[in-house]
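So that we are looking at the same thing, I have put the structure below in C-alpha cells.
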Amino acid sequence: MTNLLEVENLSKRFGSVQANHEISLTVKPGEIVALLGENGAGKSTLVKAVIGLVKPDSGVIRVKGEELPYGDTAEAIARGIGMVHQHFQLVPVMSVTENLVLGDEPTKFGFIQMQKAKRETAELSKRYGLAIDPDAIIEDLPVGMAQRVEILKALRRDVSLLILDEPTAVLTPQETDELLEVLRNLAKKGVGILFITHKLREVMALADRVVVLRNGKLAGSTTPKESSESQLAQLMVGREVVLHVEKGPGNPTGAALEVRELEVLDDRKLEAVKGLSLQVNAGEILGIAGVEGNGQRELVEAICGMRNRRKGTVRIAGKEVPNLKPHEVHAAGVSHIPEDRERHGLVASYSIADNLVLNRFDQEPFAKGWIRNLDAVASNGEELVERYDIRTPSASAPASSLSGGNKQKTVVARELSQDLPVVVASQPTRGVDVGSIEFIHKQLISARDRGAAVLLVSAELDEILSLSDRVAVLYGGKIVATFDSKFANRDEIGRLMAGSQGAHS
Amino acid sequence: MAILQRVKLQTLSIPLLSLLIAFIFGSLLIAMQGSNPLFAYQVLFTKAFGSIEGIATTLAKATPLILSGLAVAICLRAGLFNIGAQGQLISGALASAWAGYSFVGLPFLIHIPLALLFGAFFGSFVALVAGLLKAYRGVHEVITTIMLNSIVIALADYLASTPFKEPDQPITRTPKIEESARIPDLFGLPFGFFIAIAISVVFWWLMRRTTTGFRIETIGRNRNAGWYAGISVKRVIISSMLLGGATAGIAGAVETLSITGRFEPAFNAGLGFDGITVALLARANPLGVIPAAILIGGMRGAASTMQFRAGVAPEIVDLLLALILFFVTAPILLRLLKRKEEGISLSSGWSN
Amino acid sequence: SSGTEETAAITEADCGTEGAFCIGLVTDTGKVDDKSFNQSAWEGAVAGAENVGGFAKYIETLDPKDYATNIGQFADAGYNVIIGVGFLMAEAMTTAAKQYPDIKFIGVDQFQGEALPNLTGLVFPEDKAGFLAGVLAGHLTTSGKTGAVLGTEVVPPVRYFGEGFRNGVAYAAQLLGKDLPATKLIYHAPDNAFNDPAWGGATAKQLLSQGYDVIFGAGGNTGNGALLEIAKTPGAYCVGVDADQWGTLPEAQPCLVTSAMKLIDKGVAALVEAASAGTIEGGNFFGDVGLAPYHDFDSKIDSAIKDKIAELTPQVLDGTVPTGVKL
Amino acid sequence: MRFRLSYFVIVSSILLFAYFYSQNSIVTSSVVFTAIPFALPLALAAMVGVMCERTGIVNIGIEGTMLVSAFTAFFLGAILKNISAGLFIGIMTGVLVGLLLSVMTITWKMDQIIAGVIINIMAAGITSFLYRQNYRIPSTFLPIDIPVIGDIPVIGPIVSNHGPITYFGIIFIFGLWVALYKTPWGLRSRSVGEHPSSADTAGVSVVRLRYINVTIAGAVGGLAGSYLALEAVGIFERGFTAGKGFTALAIMIFGRWNPLGAFAAALFFGLSQAVTNQLMIDEVVQIPQQFVTMLPYVLTILILAISAGKVRPPAAEGIPYEKEKV
Ligand SMILES: Nc1ncnc2c1ncn2[C@@H]1O[C@H](COP(=O)(O)OP(=O)(O)OP(=O)(O)O)[C@@H](O)[C@H]1O
Ligand SMILES: Nc1ncnc2c1ncn2[C@@H]1O[C@H](COP(=O)(O)OP(=O)(O)OP(=O)(O)O)[C@@H](O)[C@H]1O
Ligand SMILES: [Mg+2]
Ligand SMILES: [Mg+2]
C-alpha cells in the first residue's frame, strides 16, 4: 500500500535552534503513528511543516505520492490534511459554527448560508459523537468543549490524514477515552493519523507505531508491543526516567489551609462553587480530582485572591483571610502555580530573573524601599536557574525564549523557592514533557516534606493518584468524596467524577 | 565588553545612517525646488549647531519637545497611548502663566517653582480625567485624550479671552508674567533645557531602578501578570497618566516661563503632537527623547534661516522628519547591515 | 518658490549697502500664498518694491515664537523696511522697532497704542466694510434672513467684520422700514478656525436650508468654504471678505455680489513707497476699506440700492454714520 | 445587550426627532440635513479605521491618507479639467497609501502607530511643499435631487439633495456592514483581526487578506479626501482636513468597530455640530461660544463614561502576524 504521507530529510532551523534535522517519517492509510519527544524536540515544527504553517529549509513532503509545496496551508488542506493544533486555533469571540466553516464557507450569491452551516455542524457533531452547541461562543466554552470544536474542525473537511498535536492535554480521562475511540474508528475507515502526546499511556493504548524525536533528530522508531513505557521515556530523554512517583509516607500535622462553606461565581455569574469545604494539613498533598468545569478554577482563584468569594471563609495557618488580592494572599503564606502560565505566570519579554521575583519585586532583598536591588534580582535568578534546572543560556534571557516546560519550571521555581506554608498548584504539568514532569513532581513532594500543605488540582487523574496523600473528588461545585490515596480506586473515582453516587470512605 | 560595543554601535549607526539617507532624499526635493541642497543643508546645520546662539536656539526649541516626548513615552511604557499631551501642555502653560502674573512680589526662588508646580498640577489634572475614565470605566484613552484636547483648547481660549485676558488690548492672551517668574538662562543656554534633561534622567532612573518603574513596565507588557503579581492596574494607569500629564504640563510651563512670558494660544501649537514623534523616534526610551528632541528642535529652529538664505520652503523639515522616522523604524537598513532584527513594539492596538 | 522678488536695479546681495532698498516680509503662521492677508501683504510689498525700484523677500513663520528671530534675520541682513503680518506679531514688532531704530517697520493689522517713530501700524476699520456689506445684504434679502459664517470670534478683525455686517443689516431694516430679524453670526471654534472649509460649507448649507439668502463668509478658508457652498445654490447671495474675491475665488462668482474689502496690498504698497520717500510716520495708518465692485451682479441690483450704498459709503467711512461696533 | 442598546438608540432618536419636528419642522429638518455633510467625511474616515482594525492593523494615518488624496484629487482634477478623473486619482492615491501602510506594517512588521505617524507627517509635508495656487476644478460634484424620495414629506428634504459621493459613501457603509457580517470575506477578515493563526490554520492567507483590506481601506480614505476636495468644498488648502482623521478614530471606537455603529457615532457628531450651529443661529444660549463648541466633545466623554462597559477591540490588533509562531 502506498504511503499517505512521506516526509524525507526535512530540516528547519529557527535562528540558532535546529528544530528539525533531516527527519523522515511515513504514515500509511489507516495507520496511527504516535510522535513522541521532550518539550522542544521539534514535534510541532515537523507537523507544522506538513500542514504548511512552517516553511522547511530543505526536505520533501509527499501526500499520496505527490509532492506538497512549502508553506501553503490552503493547499495542504485541499489535499486532505487536517490538523488539531497544540494551541487552540479558534476565534474566541465567534460561534462554534463560524469557527467550523472559516476558510470554507457554504455560500449562496456570495453570502454565507449560516443556517445551512449550522445544520452541517449539528450533523457533524452527531456523526462523530462529539456533542456541541452550534451557536455557542467559543470563549464561553470549557476547554474540553473547545477541543471538540478543534477536532470537528479538522474532521469537517473530509480528511485522509489527521494530525493531532497534544489533543488530550486539556481533556478529562473520559473525554480522552472518547477521543481515542473516535480516532480508532477513523483509522478503521482508512484515515491516517499522526498523533503527538506526552502521555505514554495513550501511546500504548492507541498507536500502531511510535516515532521518537530528540533534539530535532529522529531518535528511534518502535511499536508499543515491542517496548515499555519506560523504554519510550528513555528514548525521548536519553536517560532513565522515573515515571513512577517515589514518595515517602506523609507526615500531616495540623490544618494549614481550611476552606468553609465556600461559594464562588464564575465569569458568567453562575454559581460554580457551591458551599464547598475542605482542609489541607501541613505536610500533606490533597489532590482535587474532577472533570474540568466543575469549579476547580473558581475554587483555586477564590483561594488565591483572583476572584471574589461570595460566601464562606478561608483560613491560612489558622488565620482567617478576607477577600484579598493575589499578592496579599501570597503575603499571607500561599504559593500559587497558576493554571495559565502565559497569562498570569510570566511576563514574556522580561528576563527570567525578573520573572523569578515577579511577586516579590518590591520586597527585601529585591528592593530597599523604593529602589530595586538589581544585583539581588540577578543573583537570585542565577541561583534558581541552577537549582531548578531551568534550561537557558542565562538568567538574563527573556522568558519568551524558554520552552514550555522550562517556562513552567520558572514559575515553579519562583513559587516553591519561598517555602510558604501553603502551596496551591493548578495543572502544574500541563503540556510539560516527562523529564520536566518528573522534576516538578519531585519539587511538590519536597515542599510537602518540608511541611507545606499542598493543594493539587489537575486534570490528570494519574498525577493526582500518584502524588496525593488524600484525594477529593469535585463534582458540580462540591466535594462529593474524599479518599485516602492508598485506598483510592481509579474506576470509582472516575465514576464519582462523572456524577454518579458512590460510597464514601 | 565586545557585546556592549556592538550594541552601542548598532544603536548609533542606524539612526545616523537613517539621517543620512533621509537627507539624500530630501536633497532631491530641494533640488526639485530649484535650490542647492548642499548649501541648504549647510545653512541648516550651521544655524542649528554652528554657533553658541544657534545651539541655544536649538536647545530652547528642544526643551518642550523633550518634555512632551517624555509625557508620551512614559504612558507608552504603561501601554497607554497618550495623544493628549497637547491638551495637557496647554493646560500647564495657562496655569503657569496665571501663577506667573497673579502672584506679585514673590522671590524668584519661590515664584518659579510655584509656577512650574501649577503647570504640572493642571497638566496632570487633564490627564487624570482620561486616567480615571480608563481605570474605572474602561473608556479608551485615545478617545478621551482626543476629546480632551479639543475641550482644553476651547476652555483655554475662553479663559485667555475673558477672565484671564490682558486688559485694554484685543488679543486673546494673558498679561505678561512677573519678572520673578521668568526662568533665566544658564551659561547662555536656556535653563529649562537643564530641567528637561534632569526630568529625563529621573524618568530613566525611575524606569530602571525603582519599583514604581517596574510596576509601570510590567503593566505595559502583561497587564494580567502584573495584576496577578499584586500590581494595581488602576493605580498604574492613573499614576502613569498623572506622570505623563504633569510632564506635559511642565513642558507648557517651562515654555511659558522661559520663552513666551505669557499664555497665548498659538504659542503652544503643535508642541504636544511633536511629542508623539519624539517619543516614537526614541522608542519610548526616556534618555532617547533627548537626542530625538534636539534633532527636531534643531531642524525646526533653523528652518526659517534655511528659507531666508537658501530659499527652501520650511516644510522640508517635516518631510525630513518623516523620512528619518521611517528609516529608523523600517527594517530596510537593518537588513542592509545584516543585523539581527530587533522588533520594536510600542503599541499593541487599543486593547492593551 | 524662492521667496524673492527682484527688480532690475537691485539684487539680494546689495541689501545692506548704500543705495539699495530692501523690503523684508515676515508672515504669520500662514503661508505667503494663503489667498488671505499674508498674500495680500506680500502682493503689496512686491508692488511697492516695483514702484520704488527695490527688492522684496519673505520668510514664512512656522512657529509664532519665531517672529522675533525672523524679523531679526532681515534686520541683520540690512533690510530697510520690515513688514510683519498679523496682530499676533505686534509685540515682536514693537521690540524689534526699539532695537533697530534705523529700520522702518510696518505692522499689518497691528494697532499701535503708543507711537514709535519707526513703526507704523496698518489698520483697517473692518466694521465699516462689514457695515456697508450688511446694508447691501439688508436690501437684497428677500427672505429677510441673513447670516455670517466666520472664523473665530477671538480674532478681532473677524468680529469687527461680523458685527459690522449685522449692524449694517439692522441699519438697512431701519431705512426700509422693514422688520428684519437680526443677522446670525456663526463662529468656528478657535482651533483650526481659518482652515476648515468643510465646516464652512456645511454651515452655509444649514443656513441655506433654513431660508437664509444673503450670507457673509469671513474667515480665511473657512469662510471660503461657505462661499463655495452658496455658489451652488441658485438665488442665494454671498459676500466675500478682505480682497475682491471675484478675482481671488472665482469659483464663488455665481453668488458673489460683493466683498467687504480691506485693501491690505494697497496699504502696504503705499507705506513702502512712503518709507522709500522718507515720508512714513510712526503710529497708525488707516488703510482703505469698502465694497468691491458688483461685477456681473451690477445689472441685477436695483439702481436705487446701488445709489443708496454709494451715498452711504463716504458717510460710513468718515464716521458720520456710526457702525455701532464696540472695538 | 448590544442589540437592545442599538434599538434603544434608534427608538429614542426617532422620538426626539418627532418631538423637535413637531416644534419646528423646518429647523429640525435642516439640522438633520446638515448633520450629513458634517458626518460624512468622519464616517468614511472611520470606515478606513474599521476595515483596517477589523483585520488587525491599527491605522492612525487616516488623516494623512485623506490629505494626500484630497491633494491629488484636486490638482489632477484641475489639471485634467475633469473631476471624475480627479476622483479616480484621489482613490488611487488612497490605494497607494494603503499599500505603503501594508508594506510597513504587514511585510516589515513595523510598529503600526509609528507607521501611521509617518504617513501623517509625510502627507502634511508633501502636500504643503508641493501646493500651488491658481488651480481650479471645473465644478464640484453637485447635489442630486432624488426624484421620488425627495418628495416624501419629512424624510425627503433630509435625504435628498446631497452629492453623489455622499450617496455612494452611505451605500458603501451599509454594504461594508453586510460584507463584514454576512460574507466569507467578512468572516475571514474578522477572524484575522481576532485570532490570525486560526484563520491561517484554516487556510486563509493572513498576509494577503490584510494587504487587500488595508489597501481597500486606503481607497476609502482616498474617497473621503476626494469628497472634501471635490464635493464638499471644491478647493484644496494645506491641512484642510482639520483633524477629521483623528476624530474618526474616536468615532470608530465609539461605534465599536462596527460600520453601522461608527456611522451612527459620526451622525451623532455631525448632529452635535449642526445643533451647536443652531444654538448660535437661534441665539438661545448666552454662554460663551467656546463652551458651545466644546459640547460634542464633552457629550461624547459623558456618554462613553456612562454607557461605557468595556469596548472590546479586535484582539489581534497592532500585533504583526508571525506565521511560524502559531
Ligand atoms: N517560531 C519559532 N521561532 C524560533 N524558535 C522556534 C519557533 N518555533 C519553535 N522554535 C524552537 O524550535 C524547537 C522545537 O520546537 P517545537 O515547538 O517543535 O517543539 P515541540 O516538540 O512541539 O515541544 P512541546 O512538546 O513543548 O510542544 C524549540 O527549541 C523551540 O523553541
Ligand atoms: N487577569 C485577571 N484575571 C482575572 N481577574 C482579573 C484580572 N484582571 C482583573 N481582574 C478582575 O477585575 C478586577 C478589577 O481589576 P483591576 O486590576 O483594575 O483591580 P486592581 O488592580 O485590584 O485595582 P485597585 O487596587 O485599584 O482595586 C479585579 O479585582 C479582578 O477581580
Ligand atoms: Mg509542540
Ligand atoms: Mg480592584
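No experiment lies behind these values; they were computed from the predicted model shown. Chain letters run A, B, ... following the sequence lines, proteins first, then strands; residues in each count from 1.
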Would B/Asn149 and D/Phe246 count as a side chain to side chain contact (heavy atoms under 4.5 Å, CB included) if you check the C-alpha gap in whole Å, the side-chain angles of each, and the deciding distance to 0.1 Å?
CA-CA 11 Å; B/Asn149 278 343; D/Phe246 292 106; over 6 Å; no
Quickly, which of B/Ile153, B/Ile151, B/Leu148 forms a side-chain contact (heavy atoms from CB on, under 4.5 Å) with D/Tyr297? Name it, please.
B/Ile151
How about CZ on B/Phe23, more than 12 heavy atoms from neighbouring residues, nucleotides or ligands closer than 6.0 Å, or not?
yes
With a 4.5 angstrom heavy-atom cut-off, which part of D/Leu130 approaches chain B: side chain, backbone, both or neither?
side chain
Determine whether D/Asp111 and B/Thr329 satisfy the following criterion, side chain to side chain contact (heavy atoms under 4.5 Å, CB included), listing intermediate values before the conclusion.
CA-CA 8 Å; D/Asp111 184 272; B/Thr329 46; over 6 Å; no
All heavy atoms of B/Glu315 vs all of D/Ser128, minimum pair found to be OE2-OG, 2.7 Å
Rounding to 0.5 Å, atoms CD1 (D/Ile118) and CZ (B/Phe327) come to a distance of 9.5 Å
If you count heavy-atom pairs within less than 4.5 Å of chain D, which of B/Thr277, B/Asp318, B/Leu320, B/Leu319 leads?
B/Leu319
All heavy atoms of B/Ala330 vs all of D/Met110, minimum pair found to be CA-SD, 3.4 Å
Just so I understand: if I count every heavy-atom pair under 4.5 Å between each of B/Leu321, B/Leu281, B/Ile316, B/Ile324 and chain D, which residue has the most?
B/Ile316
Relative to chain D, which segment of B/Leu133 carries a heavy atom at a distance below 4.5 Å: side chain, backbone, both, or neither?
side chain
Any chance you could measure B/Met147, atom CE, to D/Phe254, atom CZ, to the nearest 0.5 Å?
8.5 Å
Against chain D, label B/Ile146 side chain, backbone, both or neither, depending on which of its atoms sit under 4.5 Å from a heavy atom there.
side chain
With a 4.5 angstrom heavy-atom cut-off, is it the side chain or the backbone of D/Met104 that approaches chain B, or both, or neither?
side chain
Less than 4.5 Å to any heavy atom of chain D: does that hold for the side chain of B/Leu29, its backbone, both, or neither?
both
So which of B/Thr144, B/Thr162, B/Asp157 has the largest heavy-atom pair count under 4.5 angstrom toward chain D?
B/Asp157
Report the distance from atom CD1 of B/Ile276 to atom CD1 of D/Ile60, rounding to the nearest 0.5 Å.
6.5 Å
Spacing of CZ belonging to B/Phe326 relative to CG belonging to D/Leu100, to within rounding of 0.5 Å:
6.5 Å
Kindly indicate, with the supporting measurements, whether the criterion side chain to side chain contact (heavy atoms under 4.5 Å, CB included) is fulfilled by B/Val139 and D/Ile301.
CA-CA 8 Å; B/Val139 185; D/Ile301 288 187; over 6 Å; no
Tell me if the CZ atom of B/Phe25 is crowded by more than 12 foreign heavy atoms within 6.0 Å.
no
